Amino acid sequence: MSGQNGEPKSGILKELTWRDMIKQQTHQEELDQVLSEGSVSLYCGFDPTADSLHAGSLLPIIALAQFRRHGHKPMALVGGATGLIGDPTGKSAERELITEEQVQKNIDGIRVQLRTILDRALEMHTDQLSDDVKNALHEPTPIVNNADWMKPWSFIDFLRDVGKHFKVNTMLARDSVKDRLENRDQGISYTEFSYMLIQGYDFLHLFKEKSCALQIGGSDQWGNITAGTDLIRRTESKSAFGLTLPLLTNSQGKKYGKSEAGAIWLDAERTSPYEFYQYWYNLDDEDIPRLMRVFTLLPEEEVDALSAQIESKNRPQQVKEKFAHEVTWLVHGKEAADKAVRVSKMLFGEEISGLTDKELADLFKDAPSFELEAARLESGVPIADLLVESGMQKSKGAARRLLKQNGVYINNKRFGQEERDVTREDLSSETMLVLRAGKKNQCVVKIV
RNA sequence: GGUGGGGUUCCCGAGCGGUCAAAGGGGCCUGACUGUAAAUCAGGUGCUUAGGCUUCGCAGGUUCGAAUCCUGCCCCCACCA
């Protein structure tokens with residue numbers, strides 16, 4: 001009974017629909033039927049282009065988790081083979097090849113993240129889960145690597161068995177290829193051109209070996225996904241399905257997952273849980289309801305209530321705190337998320353004083369820190385020097401400007417415009433002080 | 001290969017012998033107002049020991065003086081074959 005106008009009957013599609021997480025799908029009704037009849041195996045691929053995933057990858061990860069929460073069997077695929085080739089989709093120019101060692105290193109990194117987040121998604125809001133699902137929670141979500149089945153192929157075999165099923169005519173019509181062909185000085189290499197054969201074959205392989213009937217991915221992956229469903233239909237005469245997720249942009253049309261400072265990584269070393277939390281907290285109010293549906297596992301009623309609250313401007317901070325906490329929890333764990341909330345309250349609150357080193361160090365574990373020799377403090381350190389040496393400002397000129405604009409704070413207390421020296425008086429605990437530049441940049445200065 | 005137009009500070013883009021550290025816009029930063037939001041407003045946005053110093057594709061040259069003129073080189077774009 002699903003279809004353009006109908007309600008899907010499978011639990012998972014119902015969920016993804018109200019969350020607005022479906023961009024396109026192949027054979028809607030048939031897919032809905034299959035998903036409502038029983039447990040379906042599915043997968044989503046992740047490119048090993050870096051040793052950490054970033055916030056953009058969170059969407060497919062959550063989607064996989066949602067399937068799992070509805071009793072299906074998701075898998076994550078890391079592209080050990082495809083990563084060596086490079087996906088031309090959405091790229092205006094040929095990419096540099098990544099070395100094999102680098103790809104391996106990247107795979108190791110993102111594997112851990114996938115595992116952690118996928119597992120954690122099963123521990124959150126468990127009251128929504130059916131008993132069957134709860135009983136199966138201890139089974140980890142499988143993570144496969146396409147290098148395992150791609151590497152053994154010989155070129156000739158691959159061309160005969162896979163290449164034969166792809167028409168260059170069709171491949172040439174794809175936007176990602178067309179753009180590159182029409183732009184004379186940014187052609188496409190045979191290597192990248194072949195990318196879709198590999199991704200298409202991955203699907204066939206998983207279909208045969210793991211009964212994988214569905215591939216999901218970002219909306220840019222539509223072409224690559226249908227390459228797989230087509231290949232399966234052609235060689236196996238069976239249906240396989242594809243589903244893509246929407247490309248999320250904010251009210252200004254910008255993509256998520258990037259801040260001015262760069263990408264928001266899922267790796268705590270690259271983007272600390274505190275920064276991660278702050279990223280979500282600081283997004284536009286307007287975008288929060290939409291994002292809450294997509295990036296949290298909160299149930300519908302709760303999302304609706306919170307959305308209504310933020311829309312009516314009734315203590316919107318509460319809603320944002322909840323939202324940012326949920327996302328941080330999913331990625332970094334509850335403890336880290338709780339702490340991010342505490343640190344944030346501390347930082348955006350009153351003057352910092354009366355804390356011990358231990359408390360301060362604990363609160364600011366994620367914040368950058370800088371060590372200053374005790375002797376220098378005794379004689380006094382010019383504030384501009386401190387700002388530059390701690391890395392908060394890149395030149396003294398910039399430090400002076402900031403000062404003049406009233407943007408320097410020590411222990412959350414405005415420093416004033418005068419260029420005086422920082423001394424022992426400025427410590428907030430035994431050996432530390434908190435230096436802040438502007439609203440959101442702080443650094444712990446430790447005396448050693 | 002031929003012809004024409006270009007490469008300017010994070011980006012776009014003006015400047016075409018001194019008054020240019022270089023208009024304007026975007027971005028970014030800071031402040032005010034708020035709510036750590038958005039919108040709005042104000043200021044800032046090469047380095048500096050504040051006297052200077054280094055920047056306008058690269059290398060030379062002309063000149064008292066060059067981003068601006070000349071020569072060579074590199075790269076890009078457009079049209080033609």
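Every value quoted in this text rests on a predicted model; they were computed, and no experiment measured them. First the proteins, then the strands, lettered A, B, ... as listed; each starts at 1.
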- Pull out every residue in residues 317-328 of chain A that has a heavy atom closer than 4.0 Å to any atom of RNA chain B, ordered by number, or say none. A/Q317, A/K320
- Message: With the threshold set at under 4.0 Å for non-hydrogen atoms, list the residues of residues 386-408 of chain A touching RNA chain B in residue-number order.
- Response: A/S395, A/K396, A/G397, A/R400, A/R401, A/L402, A/Q405, A/N406, A/G407
Do [X] and [Y] have side-chain heavy atoms sitting under 4.5 Å apart?
X	Y	result
A/V327	A/F276	yes
A/V434	A/V445	no
A/V343	A/Q442	no

Is the shortest side-chain N/O distance from [X] to OP1 or OP2 of [N] below 4.0 Å?
X	N	value
A/Y409	B/G31	yes
A/K439	B/C33	no
A/R315	B/U34	no

Could you tell me how far [M] sits from [N] if I compare only their [atom1] atoms? Round to whole Å.
N	M	atom1	answer
B/G15	B/U8	P	14 Å
B/C64	B/C56	C1'	22 Å
B/G24	B/G46	P	13 Å
B/U3	B/U9	C1'	33 Å
B/C16	B/G2	P	32 Å
B/C20	B/U30	P	30 Å
B/U45	B/A23	P	11 Å
B/A50	B/G4	C1'	48 Å

Given atom [atom1] of [X] and atom [atom2] of [N], what is their separation to the nearest angstrom?
X	N	atom1	atom2	answer
A/I310	B/A37	CD1	P	13 Å
A/M292	B/A37	CE	P	19 Å
A/Q417	B/U30	CD	P	16 Å
A/K440	B/U30	NZ	P	8 Å
A/Q309	B/A37	CD	P	18 Å
A/I288	B/A38	CD1	P	11 Å
A/F348	B/A37	CZ	C1'	12 Å
A/Y281	B/U34	OH	C1'	12 Å

Using atom types as modelled and distance alone, determine if a side-chain donor or acceptor of [X] lies under 3.5 Å from a backbone N or O of [Y].
X	Y	value
A/R424	A/E378	no
A/N146	A/G80	yes
A/E275	A/S272	yes
A/R436	A/G438	yes

In Watson-Crick or G-U wobble terms, both distances under 3.5 Å, what is the partner of [N]?
N	answer
B/U49	none
B/C16	none
B/G1	B/C80
B/G43	B/C29

- salt bridge (Lys or Arg N to Asp or Glu O under 4.0 Å): pairs with one or both residues in residues 439-448 of chain A, sequence neighbours excluded: none
- Closest listed nucleotide, where the reference is the side chain of A/S344 and the choices are B/U36, B/G35, B/A38: B/U36
- Task: Inspect the surroundings of CZ in A/R420 and state if more than 12 heavy atoms from other residues, nucleotides or ligands are less than 6.0 Å away.
- Result: yes
- Message: Once you measure the plane-to-plane angle for A/F193 and A/Y190, does it fall in the parallel (<30°), tilted (30-60°) or perpendicular (>60°) bin?
- Response: tilted
- Specify whether A/F67 and A/H72 have parallel, tilted or perpendicular ring planes, treating 30° as the upper limit for parallel and 60° as the lower limit for perpendicular. perpendicular
- Task: Assign each of A/A437 and A/D285 to its nearest nucleotide of RNA chain B by heavy atoms, then name whichever residue's nucleotide is nearer the 5' end.
- Result: A/A437
- Note on the structure: Result for 5'-nearest mapping on RNA chain B, choosing between A/Y277 and A/N441, is A/N441
